[in-house]
J.: 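I have a structure I would like to understand better, so I am pasting it below and will then ask my questions one at a time.
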Amino acid sequence: GKICAILYSKRVSKTPMETTRQRVLELIKRHPQCTVSQLAVSLEISGMAVRRHISSLQGEGMISAGMSRQPRGRPVLRYSLTVKGEAQFPHTYDRLAIQLLDEVSRASRPKQVKRLLEHIGEKNAGEIAPRLAGKTLSGRVSELAKALTEQGYMAEYRVQRGKGLRLIEHNCALSEVSQRCPVICECELEMMRKLLGARVIRTEHRLQGDPRCSYLVTPFRRHRGNHA
């Protein structure tokens with residue numbers, strides 16, 4: 001991930017209500033603009049039960065609703081996380097990382113700062129690399145998604161027929177740091193390319209206003225040539 005390994009803390013025992021509430025937040029995080037019916041299907045509970053959780057979360061300012069027109073039928077309400085809702089997900093060490101970057105930036109040149117971040121990224125990649133060794137491209141992407149999730153990025157991968165593999169980060173564990181120092185995102189992209197040994201293109205970027213970061217992963221094309 002971006003510089004630091006952000007691990008989820010061990011969860012204490014929760015009541016069914018608290019567990020479902022967290023799952024509602026996680027689903028809206030993963031699928032922005034989702035509806036009550038979509039949440040009900042994913043959670044395997046009634047629409048009425050979903051609405052109770054939605055009402056509670058809206059009352060706490062965790063989620064917001066927007067009306068969406070349908071090609072057919074009546075408009076439906078779609079739900080997204082608010083800034084307060086986003087804050088419920090891992091953003092660990094942001095403040096400390098920002099302070100450290102500020103101090104380093106004052107004492108160093110931009111190229112030196114970038115090199116430092118690249119060095120930290122390479123160290124992180126070195127810890128992940130053994131988990132990817134000997135796997136197919138699909139296996140490497142799958143394992144990288146697991147490693148990123150362990151670091152707080154809520155990552156997953158999907159197979160897109162005819163296009164390649166899609167790696168998605170639903171959460172940015174260092175959101176504020178990335179905004180302050182966007183070069184971190186470029187270091188992460190380079191780390192992915194090296195780890196996967198493949199062509200990686202960022203197709204969605206939170207810093208550009210997208211709700212998540214998404215990457216298209218495809219194998220390098222092999223060029224045939226004559227060799228002496």
Side-chain angles (χ1 to χ4, degrees), residues 1-11 22-23 25-32 34 42 89-94 97 114-175 177-178 181-208 210-227:
K2 302 182 179 86
I3 303 180
C4 302
I6 313 299
L7 300 177
Y8 282 113
S9 59
K10 294 182 179 179
R11 295 180 177 178
Q22 183 61 32
R23 289 180 65 198
L25 284 173
E26 290 177 354
L27 283 168
I28 296 175
K29 176 72 171 176
R30 289 180 180 274
H31 307 286
C34 59
S42 296
F89 294 88
H91 293 82
T92 317
Y93 303 140
D94 270 6
K114 183 179 180 182
R115 182 55 197 147
L116 174 62
L117 295 174
E118 289 173 342
H119 176 72
I120 297 173
E122 288 167 3
K123 184 177 180 180
N124 191 26
E127 295 173 356
I128 298 173
R131 298 171 56 170
L132 278 60
K135 297 182 182 294
T136 61
L137 179 57
S138 178
R140 295 197 298 275
V141 174
S142 175
E143 194 61 38
L144 179 57
K146 292 177 184 177
L148 290 170
T149 294
E150 291 166 8
Q151 295 178 3
Y153 291 92
M154 287 180 65
E156 66 172 314
Y157 91 102
R158 302 171 185 171
V159 177
Q160 294 193 316
R161 291 184 180 181
K163 292 184 178 180
L165 301 166
R166 179 79 58 185
L167 178 62
I168 301 169
E169 293 175 332
H170 293 284
N171 185 55
C172 179
L174 289 173
S175 179
V177 181
S178 300
C181 188
V183 71
I184 292 174
C185 298
E186 301 312 312
C187 292
E188 179 192 43
L189 182 58
E190 187 58 32
M191 182 201 73
M192 288 183 178
R193 288 168 175 160
K194 290 180 179 179
L195 277 173
L196 297 175
R199 188 167 178 255
V200 182
I201 299 174
R202 184 188 289 116
T203 55
E204 291 180 283
H205 196 190
R206 289 173 66 92
L207 291 187
Q208 300 299 321
D210 294 313
R212 60 191 180 182
C213 285
S214 179
Y215 306 85
L216 180 64
V217 182
T218 55
F220 287 123
R221 292 181 180 179
R222 294 184 178 180
H223 297 282
R224 295 181 180 180
N226 296 324
H227 300 279

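One is the number of the first residue; the rest follow in order along the sequence. The structure displayed is predicted, hence computed values, not measured ones. Excluded from the calculations below are hydrogen atoms, water molecules and symmetry mates; all remaining heavy atoms, backbone and side chain alike, are included.
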J.: Mind checking whether T218 and L165 have side chains closer than 4.5 Å, heavy atoms only?
T.: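 Result no, sub-4.5 Å side-chain heavy-atom pair not found.
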J.: In Å, rounded to the nearest 0.5 Å, how long is the span from SG of C34 to NZ of K29?
T.: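 Reported to 0.5 Å precision, the distance equals 13.0 Å.
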J.: Measuring from atom CD1 of I168 to atom CZ of R212, what distance do you get when rounded to the nearest 0.5 angstrom?
T.: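 The distance works out to 4.5 Å.
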J.: What pairs with R115 under side chain to side chain donor-acceptor pair (under 3.5 Å), at least two apart in sequence or on another chain?
T.: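 Only E118, E122 meet the side chain to side chain donor-acceptor pair (under 3.5 Å) criterion with R115.
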J.: Provide the closest heavy-atom pair for S138 versus Y157 in the form atom of the first, atom of the second, distance.
T.: OG-OH, 3.4 Å
J.: Is there a donor-acceptor pair closer than 3.5 Å between any side-chain N or O of R140 and the backbone N or O of L196?
T.: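 Yes: the side chain of R140 pairs with the backbone of L196.
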J.: Do L117 and E186 have side chains that approach each other closer than 4.5 Å (heavy atoms only, starting at C-beta)?
T.: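 No, too far: nothing below the 4.5 Å cut-off.
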J.: Do L144 and L148 have side chains that approach each other closer than 4.5 Å (heavy atoms only, starting at C-beta)?
T.: yes
J.: What pair of heavy atoms forms the shortest contact from A125 to L195, and how long is it?
T.: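 Residues A125 and L195, closest heavy atoms: O-CD2, 3.5 Å.
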J.: Tell me, do V217 and R199 make a side-chain contact under 4.5 Å, heavy atoms counted?
T.: no
J.: Identify, with sequence neighbours excluded, every residue that meets side chain to side chain donor-acceptor pair (under 3.5 Å) alongside H170.
T.: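 Side chain to side chain donor-acceptor pair (under 3.5 Å) check on H170 returns E156.
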J.: Atom SG of C172 and atom CG of L207: how far apart are they, to the nearest 0.5 Å?
T.: 7.5 Å
J.: Distance only, no hydrogens: is a donor on one side chain within 3.5 Å (strictly under) of an acceptor on the other, for S42 and R23?
T.: no
J.: To the closest 0.5 Å, what do you measure between CG (L27) and CD (Q22)?
T.: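 Rounded to the nearest 0.5 Å, the CG-CD separation comes out at 10.0 Å.
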J.: With the side chain counted from C-beta on, respond yes when L216 and Q160 share a heavy-atom pair under 4.5 Å apart, and no when they do not.
T.: yes
J.: How close do N171 and G152 get, counting heavy atoms only, and between which atoms?
T.: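 Heavy atoms only, the tightest pair is ND2-O, 2.8 Å.
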J.: So R202 and D210, do their side chains get closer than 4.5 Å, heavy atoms only?
T.: no
J.: Quiz question: by atom type and distance under 3.5 Å, do the side chains of Y215 and E188 form a donor-acceptor pair?
T.: yes
J.: Taking all non-hydrogen atoms of both residues into account, name the closest pair between R166 and S214 and its distance.
T.: CD-OG, 2.9 Å
J.: Nearest 0.5 Å, what's the CE-NZ distance between M191 and K123?
T.: 14.5 Å
J.: For a quick test of reading the model, state the closest non-hydrogen atom pair linking M154 to E26 and the distance between them.
T.: CE-O, 3.9 Å
J.: When rounded to the nearest 0.5 angstrom, what is the spacing between NZ in K194 and CD1 in I128?
T.: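 Reported value, rounded in 0.5 Å steps: 13.5 Å.
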J.: If you define the side chain from C-beta out and look only at heavy atoms, does anything of C185 sit under 4.5 Å from H205?
T.: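 A side-chain contact under 4.5 Å exists here.
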